[in-house]
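Each ligand, and each atom within it, is numbered from 1 in the order the structure gives.
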Amino acid sequence: MSFETLGLSADLVGMVAEEGYTEPTPVQAAAIPHVLAGRDVLAAAQTGTGKTAAFVLPILDRLRKHANTSFSPARHPVRCLILVPTRELAMQVDESVTTYGRTVPLRPAVVFGGIPIEPQTKELRAGVELLVATPGRLLDHVGQKTVNLGQVEILVLDEADRMLDMGFLPDIQKIIALLPPRRQNLMFSATFSDDIRRLSGTILRDPEVVEVARRNTTVEAIRQLVYPVDRDRKEALLAHLIVREAWGQVLVFTRTKIGATRLATYLDRRGIDAVAIHSDRSQPERTRALEGFKTGTIRVLVATDVAARGLDIEDLPRVVNFELPWQAQDYIHRIGRTGRAGAAGDAVSLVSIDEADLLRGVQRLLKQAIPWKVEDGFVPDRNAEPQPLRGPVEGRPARGHHYPHRTADRPRSGSGSRG
Ligand code: AMP
């Protein structure tokens, strides 16, 4: 399979060759012809599958008829709206639109919250054809009347499942009400939950459904290991493993923002360069942290699931679950960040007795048991009592939020348990 056979214009085929893409990824091969044909598409694909090019390339070809050199903003209305859940993803998609669109004279722009609105306002007023946006900030612009969505021909919902998880449904509905009813709709989601199917039922018209596996990565290709450890020794064990095994680039997941900050501070104080990345950080801070991590000045990036979503970090050698996620599915998202492009990857989980139920949930989903290793000097206390696990959980609103089951015959201790 080659890009030529998908029906893309010669300049785009040349552009992808310059980017070093030798053949389309599965989601590209499956989705591009449908998008070019003007069909609605529902695609199961997550970051790392090449999904961005799967919609950006055919969209560029469909909209190139609108390219013009007029200075009048009215000649550059928004034709394509790409909604994304997070600032990081917004920046990445914008970068892709700019890169892939370099041969097509349509104007791209990106708007997201957490930074001043004025420069975005100025850019929007000048006219843009391809707009990447997070829902909240887009509605701010709509409120200020800096953007008109009345000529949108193509709507993309990227990481739709995460947008629902983050509570963006009302915003999405408000935005859709501003769009022309006749348009092409593309929806990308890592999972096809019931909520996603319901949403797609209300937005998409007779969609082509595309389901493909992650690019080159299957869970089987990732070496997984669980270290059982007492909850109050996790930090020490992690620092010990990083130093002893000379781990380079490590992405570490925590369940909470506070936990991420606390862990990064702990590692940093022990001479291990670490930064926490989460939604309370300013945009420049997050960008700097990600750059530092990619270039190697930061050895450990500590992230919550929401913050990590959309981060495009390729060929990561190792992912650590400092805490297991509430949702077993998130374990797969997390470890899928390693072992990309066929490279070997390691996924290490530090699991305390409180997390036994979460681990069982993961193993049930994987349909496999994960090997264990007890580290010398970190043998867990056999008599330790499980504690109820507590939030707050970034990006996990109350709906669908399950605290792990706790056996009733043990005394309850601590606060915040919802049982
Ligand atoms: P995405 O899933 O859109 O976040 O893309 C993940 C990464 O794959 C990005 O860094 C792209 O540059 C890269 N990529 C996209 N399409 C291809 C392709 N056909 N061949 C090789 N790399 C690709």
Side-chain angles (χ1 to χ4, degrees), residues 1-9 11-33 35-36 41-61 80 82-103 108 110 130 132 134 156-163 186-191 210-218 249 251 287 290-291 293-295 303 306-316 319 332-343 345:
M1 172 72 71
S2 70
F3 279 101
E4 280 84 359
T5 58
L6 295 178
L8 293 167
S9 303
D11 61 324
L12 292 181
V13 172
M15 184 281 304
V16 293
E18 280 169 29
E19 286 301 300
Y21 303 173
T22 49
E23 58 178 305
T25 66
V27 67
Q28 291 163 1
I32 288 174
V35 182
L36 281 176
V41 172
L42 172 62
Q46 47 192 260
T47 297
T49 55
K51 68 179 167 61
T52 318
F55 59 83
V56 172
L57 298 177
I59 286 174
L60 289 166
D61 262 347
C80 170
I82 302 170
L83 289 178
V84 298
T86 62
R87 306 172 234 194
E88 276 78 19
L89 188 62
M91 290 197 300
Q92 269 168 41
V93 172
D94 176 54
E95 207 179 294
S96 300
V97 171
T98 307
T99 305
Y100 300 149
R102 62 176 178 257
T103 61
V110 60
L130 305 160
V132 181
T134 54
V156 181
L157 297 179
D158 196 6
E159 295 198 354
D161 50 345
R162 189 52 53 150
M163 286 203 270
L186 313 175
M187 197 160 133
F188 289 78
S189 177
T191 54
V210 169
E211 264 181 283
V212 292
R214 278 195 78 86
R215 175 161 67 107
N216 301 326
T217 308
T218 57
Q249 228 184 4
L251 178 61
T287 308
L290 188 59
E291 277 312 304
F293 186 60
K294 284 185 175 175
T295 56
V306 168
R309 193 70 187 226
L311 289 185
D312 177 27
I313 306 165
E314 285 185 82
D315 303 329
L316 207 53
V319 166
I332 294 181
H333 293 162
R334 287 177 176 189
I335 72 169
R337 307 232 155 225
T338 181
R340 288 221 180 142

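The line from OG1 of T25 to NZ of K51 is 11.0 Å long, rounded to the nearest 0.5 Å.
Counting atoms of ligand 1 from 1 in the listed order, those under 4.0 Å from a heavy atom of T52 are 1 (P), 3 (O), 4 (O). When each atom of ligand 1 is checked for a heavy atom of E23 under 4.0 Å away, the hits are 18 (C), 19 (N), 20 (N). For ligand 1 and T25, the ligand atoms under 4.0 Å from any heavy atom of the residue are 17 (C), 18 (C), 19 (N).
Taking the side chain as every heavy atom from C-beta outward, L157 and M163 approach each other to under 4.5 Å.
Residue Y21 has at least one N or O atom closer than 3.5 Å to an N or O atom of ligand 1.
The aromatic rings of Y100 and Y21 sit perpendicular, their planes meeting at an angle over 60°, well past the 30° parallel limit.
Using a distance-only test at 3.5 Å, with no hydrogens or angles considered, a donor-acceptor pair links the side chain of T99 to the main chain of E95. For T338 (side chain) and I335 (main-chain N/O), no donor-acceptor pair under 3.5 Å exists by modelled atom type.
Only side-chain heavy atoms of F3 come within less than 4.0 Å of ligand 1; its backbone N, CA, C and O stay farther off.
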